[in-house]
Participant: 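Handing you this structure, nothing more for now.
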Amino acid sequence: MGGSEVAWPCIVVHAMMMISLMLNTQQIHGALPANTQKLIDEANEGGPYLGLVIPNSFEMKPLLQSPNFTSTDLIINFSGRRFRFGTIANKKVILVMTGLSLINAGITTQLLLTLFNIEGVVHYGIAGTANPSLNIGDVAIPHYWAHTALWNWQRYGKGPEDELPLEANGDYTREFGYLNVANYTVNVTDGSSYDNLLNNIWFQPEEVFPIDGTPEERQHAFWVAVDPHYYEISQKVEDVKLEGCLNSTTCLSNIPKVARVQRGASASIYLDNAAYRGFLYNKFNISPMDMETASVALICLQQRVPFIAIRALSDLAGGGSAKSNEADTFSPLAAKNSVTVVVEFIKQLSAAATISV
């Protein structure tokens with residue numbers, strides 16, 4: 001009996017400790033801490049915002065230092081991301097850095113659109129180019145974007161006339177074409193036949209689940225168009241003057257320009273290969289190539305949020321005559337030019353909104 005009397009208080013204390021631990025764990029692992037939710041709610045009352053999605057810190061720094069950006073000093077940190085608030089040309093903006101690659105860009109864009117009152121997304125940064133008519137320092141604004149590293153890799157012995165695995169189920173398709181690896185075999189004697197065990201790589205569309213669709217009922221998208229209104233506005237930035245020199249001794253041989261182009265592409269691959277660069281341009285008419293934009297585009301497509309991407313060219317993706325990739329030298333210049341065009345685009349977007357009102 002005496003043992004029971006001692007045990008009950010211990011059991012109660014232990015139970016209270018467990019409940020406290022569970023509550024604390026729930027708060028830690030819950031969707032949002034209360035103080036963060038409060039900051040987000042207060043911020044959203046001041047919305048909507050234009051979301052500026054930026055791959056890396058060296059691409060964000062020129063904007064943070066720009067006299068055209070006014071910080072409100074509000075910063076919200078959540079899930080490894082930092083959301084900075086401010087204005088550009090009277091347009092309320094949120095800046096967020098994604099980090100390298102499609103996965104980081106997708107996660108960050110989804111967080112931005114889920115947490116905040118966002119009217120549209122402008123994505124910018126640097127890129128390589130597959131288009132031989134574009135040069136380092138130029139700024140490209142594509143009409144369409146695609147993820148070009150979702151593949152169905154065909155087994156050796158099969159060809160273009162053969163159905164792909166799971167094609168009949170609608171999982172894969174031959175609609176968008178393929179890369180025949182054997183076409184890039186070198187040191188082949190004229191007239192001799194050749195082949196390659198790597199065979200064919202077929203390009204695939206993404207599965208998407210739009211918010212206005214039926215949950216778990218997939219749709220497919222390969223080329224994702226930017227917002228038509230944003231693309232129309234981008235015409236007004238084609239005459240923006242861009243920087244052509246890193247310093248007094250290092251300048252580009254061509255005067256940089258803004259070019260609206262047909263297509264851009266993304267993959268979680270740093271491309272520095274002339275053969276694949278040429279293939280992408282000849283097959284798909286791709287100009288800028290990067291590692292994030294298509295992911296941002298696909299998230300905005302599914303969330304039905306207006307989107308545009310602006311990419312300044314830091315290198316020729318392996319197509320240049322230099323012994324090393326040009327991005328080692330010209331990334332800072334390209335980052336600065338991308339910010340110059342983004343700021344002017346937002347000014348024009350803000351002006352167009354004022355006129356429409």
Side-chain angles (χ1 to χ4, degrees), residues 100-106 127-132 134 142 144-209 218-225 261-298 301 311 315-321 323-325 327:
L100 188 73
S101 85
L102 292 170
I103 291 177
N104 277 322
T129 179
N131 188 335
L134 297 180
Y144 297 91
W145 286 89
H147 173 206
T148 51
L150 181 57
W151 297 339
N152 186 310
W153 204 318
Q154 196 171 33
R155 71 167 60 194
Y156 181 70
K158 299 291 184 178
E161 70 284 354
D162 295 311
E163 187 176 277
L164 300 174
L166 304 179
E167 183 177 349
N169 297 336
D171 295 327
Y172 299 102
T173 178
R174 286 171 285 166
E175 177 183 353
F176 299 101
Y178 65 99
L179 168 66
N180 183 348
V181 178
N183 289 343
Y184 297 88
T185 304
V186 296
N187 301 323
V188 177
T189 305
D190 291 342
S192 64
S193 61
Y194 59 91
D195 208 343
N196 194 298
L197 293 174
L198 293 176
N199 202 25
N200 300 321
I201 296 170
W202 291 86
F203 293 85
Q204 301 300 316
E206 290 277 0
E207 290 186 352
V208 296
F209 299 87
R218 68 182 178 184
Q219 300 177 26
H220 288 95
F222 189 75
W223 296 112
V224 180
V261 297
Q262 185 182 20
R263 291 170 173 172
S266 306
S268 289
I269 301 167
Y270 189 91
L271 181 57
D272 190 33
N273 182 277
Y276 192 58
R277 171 191 192 257
F279 168 81
L280 288 176
Y281 179 72
N282 294 324
K283 178 69 176 177
F284 296 119
N285 193 26
I286 286 168
S287 293
M289 301 174 297
D290 62 40
M291 301 174 69
E292 294 85 21
T293 304
S295 187
V296 180
L298 285 158
L301 171 67
R311 286 282 185 163
D315 63 274
L316 302 179
S321 58
K323 293 182 179 180
S324 61
N325 188 279

Participant: Could you tell me which non-hydrogen atom of Ala221 sits nearest to which non-hydrogen atom of Val224, and how far apart they are?
Facilitator: CB-CG2, 4.4 Å
Participant: For the atom pair CG (Asn131) and CG (Asn285), what is the distance rounded to the nearest 0.5 Å?
Facilitator: 7.0 Å
Participant: Is any side-chain heavy atom of His220 closer than 4.5 Å to a side-chain heavy atom of Glu206?
Facilitator: no
Participant: Measure the acute angle between the ring planes of Trp153 and Trp151, then classify it against the limits of 30° and 60° as parallel, tilted or perpendicular.
Facilitator: perpendicular
Participant: Would you call Asp171 and Arg218 a salt bridge, using N to O less than 4.0 angstrom?
Facilitator: yes
Participant: For the backbone of Glu292 and the side chain of Ser295, can you confirm whether one donor and one acceptor N or O come within less than 3.5 Å of each other?
Facilitator: no
Participant: Would you check if Tyr270 and Asn325 make a side-chain contact, meaning some heavy-atom pair closer than 4.5 Å?
Facilitator: yes
Participant: Check whether any side-chain N or O of Asp272 sits under 3.5 Å from a backbone N or O of Gly318 as a donor-acceptor pair, and report yes or no.
Facilitator: yes
Participant: Taking atom OH of Tyr194 and atom CG of Asn187, what is their separation to the nearest 0.5 Å?
Facilitator: 12.5 Å
Participant: Hey, is the main chain of Leu102 close enough, under 3.5 Å, to the side chain of Ser268 for a donor-acceptor pair?
Facilitator: yes
Participant: Using a cut-off of 6.0 Å, state whether more than 12 heavy atoms not belonging to Ile103 lie near its atom CD1.
Facilitator: no
Participant: Using the six-membered ring wherever Trp is involved, compare the ring planes of Phe284 and Trp223 and label them parallel, tilted or perpendicular (cut-offs 30° and 60°).
Facilitator: perpendicular
Participant: Gln154 side chain to Leu164 main-chain N or O, any donor-acceptor pair under 3.5 Å?
Facilitator: no
Participant: Report, as yes or no, whether the 6.0 Å neighbourhood of atom OH on Tyr276 holds more than 12 heavy atoms from other residues, nucleotides or ligands.
Facilitator: yes
Participant: Show the numbers, then the answer: is there a side-chain contact (heavy atoms from CB on, under 4.5 Å) between Tyr184 and Asn196?
Facilitator: CA-CA 9 Å; Tyr184 297 88; Asn196 194 298; over 6 Å; no
Participant: Within the distance-only criterion (no hydrogens, no angle test), does the side chain of Asn199 pair as donor or acceptor with the backbone N or O of Lys158 below 3.5 angstrom?
Facilitator: yes
Participant: To the nearest 0.5 Å, tell me how far Asn152 CG sits from Phe203 CZ.
Facilitator: 12.0 Å
Participant: Looking only at non-hydrogen atoms, find the nearest pair between Arg263 and Pro288 and report the distance.
Facilitator: O-CD, 3.6 Å
Participant: Do Tyr156 and Asp195 meet the criterion of a side-chain donor-acceptor pair at a distance under 3.5 Å?
Facilitator: yes
Participant: Once you round to the nearest 0.5 Å, how far does CZ of Arg174 lie from CG of Asn200?
Facilitator: 11.0 Å
Participant: Would the distance check show the side chain of Gln204 and the main-chain N or O of Thr173 forming a donor-acceptor pair, the cut-off being under 3.5 Å?
Facilitator: yes
Participant: For Thr129, does its backbone N or O pair with a side-chain atom of Arg277 as donor and acceptor, under 3.5 Å?
Facilitator: yes
Participant: Looking at Asp290, is its backbone amide N or carbonyl O close enough to the side chain of Arg311 to form a donor-acceptor pair, meaning the two atoms are under 3.5 Å apart?
Facilitator: no
